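Values reported hereafter were calculated over all heavy atoms of this structure, with side chains retained and with hydrogens, waters and symmetry mates removed. Keep in mind that this is a model prediction, so the values were computed, not measured.
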Amino acid sequence: GGSKVVVHVSDAPRTSHDLDERLARAADSLRLLARACAHMDAQLLVETPCPAVVGGLADEFASVMRPLDATVGVCLDIGHVTLGGQWDDLLGAVADRVRHVHAHDHHGSADDHLPPGDGRVDWQHVRSSLAAAGYQGWVVIELSRPAGPLVEFMSGALRRTRA
């Protein structure tokens, strides 16, 4: 009964010898998925990838999104985009297509999926730039669960996220 389908551009590491071909194939595949989603009355959302994979840089992601129908939206993954230092460039390129947001923090070198506030992401800047872009949708906290009591972890994560 869901109305949105979130997919990644790729999980392939970026290599210079075939980057353009991989980006073109990704766009072609996403175009097909968008048509299938439309037949199911669902919207395709393309998640912003980590910087080390194909599509993970702002210009690459924009080049994949550009040829897609305007109904294809973006799932903005804050941890992925800030990990690559691409926040302002990427948000500027796709702000009008952002339909869903994944929020998590990191220490600057890996996709840690920490609670917001436990890493290096500038959450004030993220919040103000999302507001300036007019985003008013859901923000989903996307976390890796450490060992220990889940209730304590989640209540602390929610408290820090709200702060």
Problem set entry | Donor-acceptor contact present, side-chain Arg99 to main-chain Lys4, <3.5 Å | no
Exercise. Near Arg25 CZ, under 6.0 Å, is it more than 12 heavy atoms from other residues, nucleotides or ligands?
Worked result: no
Seminar exercise, completed: Value for OG (Ser144) from CZ (Phe153), rounded to nearest 0.5 Å, stands at 8.0 Å
Exercise. Between the main-chain N or O of Ala58 and the side-chain N or O of Gln86, is there a donor-acceptor pair closer than 3.5 Å?
Worked result: yes
Exercise. If every non-hydrogen atom of Ala34 is compared with every non-hydrogen atom of Val72, which pair is closest and at what distance?
Worked result: CB-CG2, 3.5 Å
Exercise. If we only count heavy atoms from C-beta on, is the Leu57 to Arg14 side-chain gap below 4.5 Å?
Worked result: yes
Problem set entry | Euclidean distance, Asp118 CG relative to Leu143 CG, rounded to 0.5 Å | 9.0 Å
Exercise. Among the clusters formed by ILVMFWY side chains lying less than 4.5 Å apart, do Ile141 and Trp123 turn up in the same one?
Worked result: no
Exercise. If you take all heavy atoms of His107 and Arg120, which pair is closest and at what distance?
Worked result: O-CD, 2.8 Å
Problem set entry | Minimum side-chain heavy-atom gap Gln124-Asp122 below 4.5 Å | yes
For this session: Would you kindly confirm whether Val7 and Phe61 end up in one hydrophobic cluster when ILVMFWY residues are joined by side chain heavy atoms under 4.5 Å apart?
Result: yes
For this session: Taking all non-hydrogen atoms of both residues into account, name the closest pair between Val53 and Ser10 and its distance.
Result: CG2-O, 3.9 Å
Problem set entry | Derivation and outcome, side chain to side chain contact (heavy atoms under 4.5 Å, CB included), residues His104 and Ile78 | CA-CA 6 Å; His104 55 94; Ile78 295 168; over 6 Å; no
Exercise. Between Ser63 and Glu60, what is the shortest heavy-atom contact and its length?
Worked result: OG-O, 2.7 Å
Exercise. Taking all atoms of both residues into account, what is the closest heavy-atom pair of Pro115 and Arg160, and its distance?
Worked result: CG-NH2, 3.4 Å
Exercise. Heavy atoms, side chains only, cut-off 4.5 Å: are Asp105 and Asp112 in contact?
Worked result: no
Exercise. Is there a side-chain contact between Leu90 and Leu76, using heavy atoms and a 4.5 Å cut-off?
Worked result: yes
For this session: Tell me whether Leu45 is reachable from Val54 by hopping between hydrophobic residues (I, L, V, M, F, W, Y) whose side-chain heavy atoms are closer than 4.5 Å.
Result: no
Problem set entry | Enclosure of Arg145 CZ (heavy-atom neighbours >12, cutoff 6.0 Å) | yes
Exercise. What is the distance from atom CG of Asp28 to atom CG of Leu23, rounded to the nearest 0.5 Å?
Worked result: 11.0 Å
Problem set entry | Point-to-point distance, once rounded to the nearest 0.5 Å, from CD of Gln43 to SG of Cys37 | 9.0 Å
Exercise. Would Leu83 and Leu114 show up in the same hydrophobic cluster when neighbours are defined by side-chain heavy atoms closer than 4.5 Å?
Worked result: no
Exercise. Less than 4.5 Å apart, any side-chain heavy atom of His106 and any of Val121?
Worked result: yes
Problem set entry | Exam field: side chain Glu142 to backbone His113, donor-acceptor pair closer than 3.5 Å | no
Exercise. Is there a donor-acceptor contact under 3.5 Å from the side chain of Thr48 to the main chain of Asp77?
Worked result: yes
Exercise. Linking I/L/V/M/F/W/Y whenever their side-chain heavy atoms sit closer than 4.5 Å, directly or via other members, would Val81 and Val94 fall into one cluster?
Worked result: yes
Exercise. Rounded to the nearest 0.5 Å, how far does OG of Ser155 lie from CG of Leu150?
Worked result: 9.0 Å
Exercise. Atom OG1 in Thr82, atom CG in Asp88: separation rounded to 0.5 Å?
Worked result: 11.0 Å
Exercise. Are any side-chain N or O atoms of Arg22 and backbone N or O atoms of Pro13, one a donor and one an acceptor, separated by less than 3.5 Å?
Worked result: no
For this session: Give the C-alpha distance, both sets of side-chain angles, the deciding distance and a yes or no for side chain to side chain donor-acceptor pair (under 3.5 Å) between His80 and Asp111.
Result: CA-CA 7 Å; His80 294 169; Asp111 190 23; 3.1 Å; yes
For this session: Check Met65 against Gly73 and note the closest heavy-atom contact, atom names and distance.
Result: CE-O, 3.7 Å
For this session: Answer whether the closest heavy-atom distance between the side chains of Val64 and Leu30 falls below 4.5 Å.
Result: yes
